Amino acid sequence: MYLELQKRFTEHLRSVLAAKYDLHLETIPLEIPPELKFGELATPIAFELARKLRKAPKVIAAEIVAALGHFDGFAGFEVAGAGYINAHLDRAAGVRTTAGVADSQVPDAGPGAPASSGIHALVEHTSINPNKAAHIGHLRNAILGDTFVRLLRAAGQKVDVQNYIDNTGVQVADVVVGFLHLEGKSLADARLLLDELKQKDQRIDYYCWDLYAKTSQWYTSGTDEENEARKKLRYDTLHELEQGCNETAEVAELISTAVLRRHLETMLRLDIEYDFLPRESEILHLKFWESAFEQLKKTGVLYFENEGKNKGCWVMTRPGAEIAEGDLNEDAKVIVRSNGTVTYVGKDIAYHLWKFGLLGKDFGYKPFFSYPNHECWISAEKGDEPHPHFGGAQAIYNVIDARQSDPQANVIQALRGMGYTEQADRYTHFSYEMVALTPRCAVELGYDVSEEDLARPYIEVSGRKGFGVKADDLIDKLIVATRAEVDARQTGGADAEAGRQKIAEQIAIGALRYFMLKFTRNSVIAFDFKDALSFEGETGPYIQYAVVRARNIFRKAETTAEAELVKLAGLAEFGAFLDGEDAEDIWALWLRAARRTLVLEQCVSTSEPAYLAKHAFQLAQEFNNFYHKHHILTEEDPARKTFLLATAAVALRELVLALSWLGIESPEAM
RNA sequence: GCGCCCGUAGCUCAGCUGGAUAGAGCGACUGGCUACGAACCAGUAGGUCGGGAGUUCGACUCUCUCCGGGCGCACCA
């Protein structure tokens with residue numbers, strides 16, 4: 001409702017300015033006034049025009065207000081302060097629109113839907129190296145990505161979710177080295193180990209977590225001579241993995257696939273699902289690079305360097321670099337090494353051409369992991385038929401941490417250089433800062449923390465060092481904590497034993513997801529159990545609790561939210577309930593509820609889910625406030641009771657919807 | 001050396017394309033449960049928005065500079 005009125009106000013204002021001053025402004029600054037007494041919508045446009053029109057802002061504002069007249073949805077306009085133009089909404093009309101059934105549905109491609117609807121988007125997130133357990137840093141990635149997917153879908157976009165699997169990289173090679181050479185095991189042993197872990201209900205990703213840390217340490221723990229040999233072993237192993245069709249690669253395939261399954265299971269606990277898992281092995285074996293290389297040479301993005309330190313390499317100019325014609329660019333990015341092998345960025349360019357459907361090649365597809373409602377596919381050299389098709393998206397979003405912004409910029413630069421400017425413009429590096437541990441948390445976990453690290457505000461998590469909090473451990477810990485709370489409160493009555501575990505899980509996941517989403521993307525999260533295990537204040541459970549409170553009202557009143565909204569529509573007159581000191585907080589709640597579409601559009605256009613997290617919290621806060629002040633069930637005036645019930649109904653509807661966009665369930669009881 | 005990010009209340013963070021008196025949560029202190037269950041609510045204290053200069057009618061927001069912290073800048077992935 002709010003977004004719609006905002007647009008109408010802007011349009012009307014624009015036409016007034018055109019008629020009155022012959023001014024044609026592209027954008028008109030709007031703001032939400034600091035207090036409700038100033039109205040619900042305001043513009044400081046008069047300040048801007050003061051110089052141009054050689055008049056005082058107050059005079060201009062008054063002239064504009066006079067010209068605005070009256071139109072639907074607005075109660076009136078006024079000049080305030082030094083020249084603000086404040087718009088007061090027609091509250092009763094606003095309530096009617098907001099309560100309306102049409103507005104309660106997820107905005108689809110229709111009137112009022114965001115401009116971005118109808119786009120085919122591709123979101124890549126999670127992308128954990130399949131050589132160890134997922135940790136809290138990966139959780140931030142996956143939760144941000146999954147939430148953004150939900151937001152895009154809510155905005156009417158068709159979204160494919162991809163999780164890129166680097167199954168032939170050094171990280172997997174390291175675990176294989178550890179397995180074959182450090183532990184002296186074989187391919188047959190790998191099969192045995194997987195069976196054994198399965199039978200004992202143990203986690204292969206946990207096993208690899210330790211092995212990876214051990215191997216990483218092993219590379220540098222011998223004599224210089226030994227270390228040299230170990231390093232060689234490492235690169236030989238890596239090449240065997242890239243090559244494929246050998247026993248080492250088979251071990252890698254076995255272990256990495258098992259770890260990958262574990263990652264999918266971990267993410268499923270958080271309600272995170274994927275459509276497709278493209279793997280690096282297929283990008284290599286299906287020779288994606290060869291096709292990309294031709295295009296890159298043809299368009300002149302890549303050139304062969306004949307001199308300097310990059311002699312013998314195919315290189316590209318870095319973004320922003322200004323090199324005079326004919327000058328040697330030593331700073332160029334190497335894409336093909338002098339030995340003919342391609343670098344990571346090169347492979348990434350090929351992969352991204354595929355994402356936009358510009359490569360002229362496709363993966364093979366095989367089903368890999370079944371969700372209740374759909375199948376997740378994985379890349380294969382020779383796929384199954386029939387299969388869905390992925391790639392060929394109009395817009396892509398890569399959820400990758402901020403440290404990789406340079407390589408990401410290189411890929412975008414390459415696309416632009418090849419003439420794919422539209423695609424480059426719709427390529428979003430959805431970057432976010434890392435999750436680190438507070439020194440206190442690290443000590444608590446029993447890690448050796450140096451004096452130097454103790455003095456820091458936070459310490460970076462490192463899979464290589466085995467330093468971090470594993471995702472499943474954290475989830476387990478959260479569930480234990482929420483279960484204790486649920487039991488202490490006897491949620492659902494003394495005999496509701498069965499349901500309590502489910503509720504505890506819903507609350508635990510809600511707490512975790514909200515915790516990862518409340519921070520804006522570019523702030524480093526210094527992880528601490530105290531904060532993450534908190535269920536009070538600005539947390540997921542706080543919002544879930546507001547939902548439960550609202551539901552309890554309808555349960556006790558023996559009615560439903562939907563029925564009460566219909567009843568409100570039948571009420572001839574309720575404007576009186578929206579006026580006066582006592583009603584301000586009620587109107588504030590309606591107004592907040594009406595801002596949903598605006599918030600959604602903001603989140604999508606800025607790639608920032610945190611705004612929705614904040615919106616949901618504020619909505620819950622205003623509802624709790626309302627809940628406390630106005631006792632609904634004892635209200636004697638039937639019309640007012642209907643109005644109050646409808647208010648709770650809208651709050652409930654909006655809270656549940658906002659939580660669902662955040663990937664958080666709304667429990668029936670708490 | 002070059003590039004990016006951050007610095008706002010004791011702590012953790014919001015602050016939309018510059019706009020009205022800089023907000024929230026936690027922590028501290030005070031008060032409120034025989035209410036629609038207190039995972040809640042009300043109140044108090046707490047800020048030279050890292051320092052300085054500039055642009056502007058107006059700067060937490062833009063520019064420059066300095067200080068402090070973090071992360072990138074491979075023929076590694």
Side-chain angles (χ1 to χ4, degrees), chain A residues 27 29-35 38 42-44 47-48 50-51 56-57 80-84 86 129 166 168-173 235 238 280 309-313 315 318 320 331 333-341 343-345 347-348 401-407 409 431 433-434 436 438 456-458 460 482 485-486 488-491 507 511 518-520 522-526 528 530-531 534-539 541-542 544-546 548-557 598-599 602 606 608 610-611 614 617-618 621 624-625 627-634 648 669-670:
Chain A
T27 54
L30 289 183
E31 63 167 302
I32 296 171
E35 278 184 72
F38 296 125
T43 176
F47 296 108
E48 222 172 276
R51 172 174 291 180
Y84 289 94
N86 292 338
N129 275 299
D166 184 3
T168 54
V170 271
Q171 293 215 22
V172 169
Y235 287 106
L238 176 62
E280 190 182 55
K309 68 168 187 160
N310 294 332
K311 185 175 174 181
C313 298
V315 301
R318 288 177 196 271
D331 184 47
K333 174 72 195 165
V334 172
I335 301 298
V336 181
R337 305 183 187 99
S338 53
N339 67 5
T341 58
T343 61
Y344 170 75
V345 172
K347 283 179 267 188
D348 222 22
D401 78 86
R403 286 170 292 193
Q404 299 215 45
S405 62
D406 273 6
S431 88
E433 274 295 345
M434 62 180 166
T438 61
R456 292 173 189 269
Y458 51 80
E460 188 178 349
T482 47
E485 285 286 322
V486 165
R489 286 156 211 272
Q490 301 225 324
T491 297
I507 297 169
K518 68 193 276 194
F519 303 94
T520 49
N522 54 8
S523 93
V524 177
I525 298 180
D528 201 309
K530 183 174 76 65
D531 298 330
S534 160
F535 310 130
E536 288 167 14
E538 198 182 344
T539 65
Y542 175 95
Q544 291 173 314
Y545 187 62
V548 168
R549 281 179 138 183
R551 283 188 172 150
N552 285 343
I553 295 172
F554 292 100
R555 190 171 296 133
K556 294 239 166 151
L598 176 71
V599 172
Q602 238 166 35
T606 58
E608 183 52 89
Y611 297 143
K614 186 66 95 184
F617 171 66
Q618 287 171 332
Q621 207 173 29
N624 274 330
N625 192 296
Y627 177 92
H628 190 258
K629 266 197 202 162
H630 308 279
H631 199 262
I632 299 174
L633 297 184
T634 54
M670 278 177 80

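Here is the naming used below: chain letters follow the sequence lines, and residue numbers restart at 1 for every chain. Source: prediction; values computed, not measured.
Between Arg403(A) and G70(B) there is no side-chain N or O to OP1 or OP2 distance below 4.0 Å. Considering only side-chain N and O atoms, Lys556(A) lies under 4.0 angstrom from the phosphate OP1 or OP2 of G37(B). Taking 4.0 angstrom as the limit, Asn339(A) places none of its side-chain polar atoms (N or O) nearer than this to OP1 or OP2 of C75(B). Put simply, Tyr611(A) has a side-chain N or O that comes within less than 4.0 Å of OP1 or OP2 on G15(B). Close to G3(B), at under 4.0 Å from its OP1 or OP2, lies no side-chain N or O of Arg318(A). Within the 4.0 Å cut-off from OP1 or OP2 of A35(B), not a single side-chain nitrogen or oxygen of Tyr627(A) is found. At the phosphate of G70(B), OP1 or OP2 sits under 4.0 Å from a side-chain N or O atom of Arg456(A). At C41(B), one or more side-chain N or O atoms of Tyr542(A) fall inside 4.0 Å of OP1 or OP2 (strictly under the cut-off).
A distance of 12.5 Å separates NZ in Lys309(A) from OG in Ser338(A), rounded to the nearest 0.5 Å. Interatomic distance, CG of Asp531(A) versus CD of Glu538(A), reported as 11.5 Å (0.5 Å rounding). Rounding to the nearest 0.5 Å gives a distance of 7.5 Å between CG of Asp166(A) and NZ of Lys347(A).
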Please tabulate, one pair per line, each protein N/O and nucleotide N/O from nucleotides 8-11 of chain B that are separated by under 3.5 Å, including the distance.
none

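Nearest nucleotide to the Cys313(A) side chain, out of C75(B), A24(B), U56(B): C75(B). Residue Asn624(A) has its side chain nearest to C41(B) when only C75(B), A24(B), C41(B) are considered. With distances taken from any side-chain atom of Leu633(A) to the nucleotides A14(B), C36(B), C5(B), the minimum falls on C36(B). Checking C75(B), G70(B), A77(B) against every side-chain atom of Asp166(A), the shortest atom distance belongs to A77(B). Looking at the side chain of Asn625(A), the nearest of the listed nucleotides C16(B), C41(B), A35(B) is C41(B). Here the nucleotide nearest the side chain of Phe47(A), chosen from G72(B), C57(B), C75(B), is C57(B). In this structure, of C5(B), G25(B), G37(B), it is G25(B) that holds the atom nearest to the side chain of Glu538(A). Checking C16(B), G32(B), C75(B) against the side-chain heavy atoms of His628(A) singles out G32(B) as nearest. Side-chain atoms of Tyr545(A) lie closest to C40(B) of the nucleotides A20(B), C40(B), G69(B). Minimum atom distance to the side chain of Asp406(A) is reached by G72(B), of the listed G72(B), A20(B), C75(B).
Residue Ala610(A) comes nearest to Lys518(A) through the heavy atom pair CB-O, 4.2 Å, listed as atom of the first residue, atom of the second, then distance. The minimum heavy-atom distance between Leu238(A) and Gly169(A), with the atom names listed, is CD1-C, 3.5 Å.
Summarising the base pairing, G46(B) is matched to no nucleotide, lacking a Watson-Crick or G-U wobble pair whose two defining distances lie under 3.5 Å. Look at C2(B): its Watson-Crick or wobble partner, with both distances under 3.5 angstrom, is G72(B). Across the strands present, C60(B) finds no partner; the criterion is a Watson-Crick or G-U wobble pair with both atom distances under 3.5 angstrom. Under the Watson-Crick or G-U wobble criterion, with both distances below 3.5 Å, G27(B) has no partner in any strand shown. Base pairing analysis places A9(B) opposite nothing; no Watson-Crick or G-U wobble pair with both distances below 3.5 Å involves it.
Nearest-nucleotide assignment on RNA chain B puts the 5′-proximal partner with Val524(A), out of Val524(A) and Glu536(A). Taking the nucleotide of RNA chain B with the nearest heavy atom to each of Asn552(A) and Thr606(A), the more 5' of the two is matched to Thr606(A).
Between the side chains of Asn552(A) and Arg549(A), not a single donor N or O lies within less than 3.5 Å of an accepting N or O. In this model, a donor atom of one side chain and an acceptor atom of the other lie less than 3.5 Å apart for Tyr542(A) and Asn624(A).
A straight line from NZ of Lys530(A) to P of C26(B) spans 11 Å, rounded to a whole angstrom. Rounded to an integer number of Å, the gap from Tyr458(A) OH to C6(B) P is 12 Å. In this structure, CG of Asp401(A) is placed 12 Å from C1' of C5(B), rounded to the nearest angstrom. Rounded to whole Å, the distance from NZ on Lys518(A) to C1' on C13(B) is 8 Å. The nearest whole Å value for the distance from the CD atom in Gln618(A) to the P atom in A14(B) is 13 Å. Counting to the nearest Å, the C1' atom of G72(B) and the CD atom of Gln404(A) are 10 Å from each other. Atom-to-atom, CD of Gln621(A) to P of A14(B) comes out at 17 Å; the value is rounded to the nearest Å. Atom CD in Glu608(A) sits roughly 13 Å away from atom C1' in G15(B) (whole-Å rounding).
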Would Phe519(A) and Glu433(A) count as a side-chain contact (heavy atoms from CB on, under 4.5 Å) if you check the C-alpha gap in whole Å, the side-chain angles of each, and the deciding distance to 0.1 Å? CA-CA 10 Å; Phe519(A) 303 94; Glu433(A) 274 295 345; over 6 Å; no

Evaluate side-chain contact (heavy atoms from CB on, under 4.5 Å) for Val524(A) paired with Met434(A), printing each intermediate quantity in order. CA-CA 6 Å; Val524(A) 177; Met434(A) 62 180 166; 4.2 Å; yes

Check the pair Ile335(A), Val345(A) against side-chain contact (heavy atoms from CB on, under 4.5 Å), reporting the backbone distance first and the verdict last. CA-CA 7 Å; Ile335(A) 301 298; Val345(A) 172; 3.9 Å; yes

List the steps, then state whether salt bridge (charged side-chain N to carboxylate O under 4.0 Å, His left out) holds for Arg403(A) with Asp401(A). CA-CA 6 Å; Arg403(A) 286 170 292 193; Asp401(A) 78 86; 2.8 Å; yes

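Taking atom P on both nucleotides, G3(B) is separated from G50(B) by 22 Å, rounded to a whole Å. C26(B) and A14(B) are spaced 14 Å apart, taking the C1' atom of each and rounding to whole Å.
Note on Ile507(A): a base of the nucleic acid sits closer than 4.0 angstrom, heavy atoms only. In this structure, Lys629(A) reaches neither bases nor backbone, as no heavy-atom distance under 4.0 Å exists between it and the strands shown. Leu238(A) comes within contact range of no nucleotide atom at all, as no heavy-atom separation falls under 4.0 Å. If you check every strand for non-hydrogen atoms under 4.0 Å, Phe519(A) touches sugar and phosphate atoms only. Across all strands shown, Val486(A) has heavy atoms under 4.0 Å from base atoms, whether or not it also approaches the sugar-phosphate. Ala648(A) comes within 4.0 angstrom of no nucleic acid atom, judged by non-hydrogen atoms across all strands. Residue-level contact check: Ser338(A) touches the bases, meaning some heavy atom is under 4.0 Å from a base atom.
No N or O donor and acceptor, one from the side chain of Asp348(A) and one from the base of A77(B), sit under 3.5 Å apart. The base of C13(B) is not paired with the side chain of Ser523(A) by any donor and acceptor separated by under 3.5 Å.
Once the 5.5 Å centre distance and the 30° plane angle are applied, the aromatic ring of Phe617(A) is found not to be stacked with the base of A24(B).
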